**Student:** 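One structure is given below, represented as structure tokens, and several questions about it will come after.
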Amino acid sequence: MNESQATQADQHSTKRRRPDGPHPGIVGSVCLALFVLSLVLMAALSQGNTITSPFADDSSDFFTQHGLAVRLSALFQLGASVPMGIYAATMYARFQRLGVRVPGPAIAFFGGISASILLAISAVLTWTAGQDAIASHPELTRALGFLAFGTGGYAHLLGLGLLVAGIAVPGLIMRLLPAPLAWVGLVFAAVCELSILAMALEPFQPLIPIGRFTALAWIAAAGFLIPRSRQRKNTPKE
């Protein structure tokens with residue numbers, strides 16, 4: 001082996017050993033676990049109750065009666081927003097490593113960062129509404145409830161749907177993900193995007209929890225199944 005070949009081999013070896021970042025499957029699972037934990041804690045500390053829709057006349061009562069449950073739930077919801085942003089960045093880098101040069105990964109990155117920021121804003125608004133000094137003012141509490149519902153509901157899901165679709169489409173076309181998983185992801189992404197109808201039509205509100213939990217479970221599964229490198233097929237023989 002001459003000096004040039006040795007240098008190329010060293011560069012190839014260094015590139016191959018380059019850190020791959022956090023495992024997207026684990027990061028996605030942490031995000032899902034933290035969000036579920038936020039709901040479990042709220043239910044446990046409020047005798048099985050949860051925050052009702054802000055459209056309900058008594059929506060502010062929960063904040064008044066269960067301030068600690070609201071604040072702790074907001075804490076873990078804020079915590080869930082961090083791995084969501086990390087997941088989006090990690091998957092974008094993974095697609096770049098795989099040589100995917102289509103808009104999908106960039107759309108997923110935009111969607112994931114948007115979803116992360118909106119979820120964090122919703123958590124802070126919920127935490128604010130759970131403060132005793134705020135909860136004693138029903139109209140103010142209800143207004144904050146609407147803001148938290150909007151940012152952490154359909155607005156958050158618009159970004160989450162883009163994250164799922166941006167991964168599912170190139171994953172399907174380039175066979176980086178199992179086809180059934182990719183198609184299911186597109187269905188979940190559509191549910192997330194359709195949740196915006198809840199902004200004007202209350203009967204569509206169930207789309208929000210359906211889209212949220214299916215999408216979070218999907219990104220965790222996709223994170224475990226996305227390959228680290230492309231398998232070279234049909235490589236011409238020298």
Side-chain angles (χ1 to χ4, degrees), residues 25-88 112 114-160 163 188 191-192 195 198-199 202-221 223:
I26 295 175
V27 175
S29 298
V30 170
C31 178
L32 174 60
L34 287 173
F35 194 88
V36 171
L37 184 58
S38 73
L39 299 180
V40 171
L41 277 175
M42 179 183 293
L45 295 175
S46 61
Q47 293 78 48
N49 297 315
T50 57
I51 297 176
T52 58
S53 168
F55 294 98
D57 293 334
D58 60 347
S59 60
S60 61
D61 293 346
F62 185 88
F63 296 92
T64 304
Q65 299 169 6
H66 307 289
L68 178 60
V70 170
R71 294 191 295 271
L72 282 177
S73 177
L75 184 154
F76 283 95
Q77 182 178 321
L78 180 62
S81 70
V82 176
M84 183 174 292
I86 295 174
Y87 178 93
S114 299
S116 172
I117 293 173
L118 287 165
L119 185 61
I121 293 173
S122 176
V124 173
L125 289 170
T126 302
W127 173 84
T128 303
Q131 299 298 318
D132 294 337
I134 302 296
S136 60
H137 301 279
E139 293 302 322
L140 178 58
T141 302
R142 191 175 184 187
L144 289 171
F146 273 110
L147 288 171
F149 179 79
T151 53
Y154 45 81
H156 162 71
L157 287 184
L158 288 178
L160 189 58
L163 172 62
F188 293 163
V191 173
C192 289
S195 69
M199 190 173 183
E202 292 182 36
F204 286 95
Q205 288 185 30
L207 292 178
I208 295 175
I210 293 173
R212 187 197 311 280
F213 289 109
T214 55
L216 289 177
W218 189 91
I219 64 172

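From a predicted model like this one, the values you see are computed outputs, not experimental measurements.
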**Student:** Do Gln77 and Leu119 have side-chain heavy atoms sitting under 4.5 Å apart?
**Tutor:** yes
**Student:** Side-chain donor-acceptor contacts of residues 151-160 below 3.5 Å, not counting sequence neighbours, with atom names and distances?
**Tutor:**
residue: Thr151; atom: OG1; partner: Leu147; partner atom: O; Å: 2.8
residue: Thr151; atom: OG1; partner: Ala148; partner atom: O; Å: 3.4
residue: His156; atom: ND1; partner: Ala115; partner atom: O; Å: 2.9

**Student:** Tell me the closest heavy-atom pair linking Val27 and Pro83, and the distance in Å.
**Tutor:**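 Taking Val27 first and Pro83 second, the nearest heavy atoms are CG1-O, 3.1 Å.
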**Student:** Distance-only check: which donor-acceptor pairs under 3.5 Å involve side-chain atoms of residues 125-135, not counting sequence neighbours?
**Tutor:**
residue: Thr126; atom: OG1; partner: Ser122; partner atom: O; Å: 2.8
residue: Thr128; atom: OG1; partner: Val124; partner atom: O; Å: 2.8
residue: Gln131; atom: NE2; partner: Trp127; partner atom: O; Å: 3.3

**Student:** What I'd like to find out is whether the side chain of Phe62 reaches to under 4.5 Å of the side chain of Ser46, using heavy atoms alone.
**Tutor:**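 Yes, close enough: below the 4.5 Å cut-off.
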**Student:** Measure the CE-CZ distance between Met199 and Phe149 for me, rounded to the nearest 0.5 Å.
**Tutor:** 10.5 Å
**Student:** If the condition is side chain to side chain contact (heavy atoms under 4.5 Å, CB included), which residues does Leu37 pass it with, not counting sequence neighbours?
**Tutor:**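 For Leu37 the side chain to side chain contact (heavy atoms under 4.5 Å, CB included) partners, ignoring immediate neighbours, are Leu41, Phe76.
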**Student:** Can you tell me how far the CZ atom of Phe188 sits from the CD1 atom of Ile219, to the nearest 0.5 Å?
**Tutor:** 12.0 Å
**Student:** Is there a donor-acceptor pair under 3.5 Å between the side chain of Ser29 and the backbone N or O of Gly25?
**Tutor:** yes
**Student:** At their closest point, which heavy atom of Ile208 faces which heavy atom of Ala198, and how far apart are they?
**Tutor:**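 Taking Ile208 first and Ala198 second, the nearest heavy atoms are CD1-CB, 4.2 Å.
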**Student:** Starting at CG of Leu68, measure out to CE of Met42 and round the result to the nearest 0.5 Å.
**Tutor:** 11.0 Å
**Student:** Would you indicate whether the side-chain heavy atoms of Val30 and Tyr87 approach each other to under 4.5 Å?
**Tutor:**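 No, side chains not in contact.
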**Student:** Output all residues satisfying ring-ring contact (aromatic ring centres under 6.0 Å, His included) with Phe35, sequence neighbours left out; order by chain, then residue number.
**Tutor:** Phe213
**Student:** Mark yes or no for whether Ser73, through its side chain, and Ser38, through its backbone, hold a donor-acceptor pair below 3.5 Å.
**Tutor:** yes
**Student:** How close do Met84 and Cys31 get, counting heavy atoms only, and between which atoms?
**Tutor:** CE-SG, 3.6 Å
**Student:** Just grab all the side-chain hydrogen bond (donor to acceptor under 3.5 Å, both in side chains) pairs involving residues 208-220, residues at least two apart or on different chains.
**Tutor:**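 The answer is none; no pair qualifies.
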**Student:** Just jot down the ring-ring contact (aromatic ring centres under 6.0 Å, His included) partners of Phe146, sequence neighbours excluded, or say none.
**Tutor:** Phe55
**Student:** Can you name the closest pair of heavy atoms from Ala120 and Leu78 and give their distance?
**Tutor:** CB-CD1, 3.6 Å
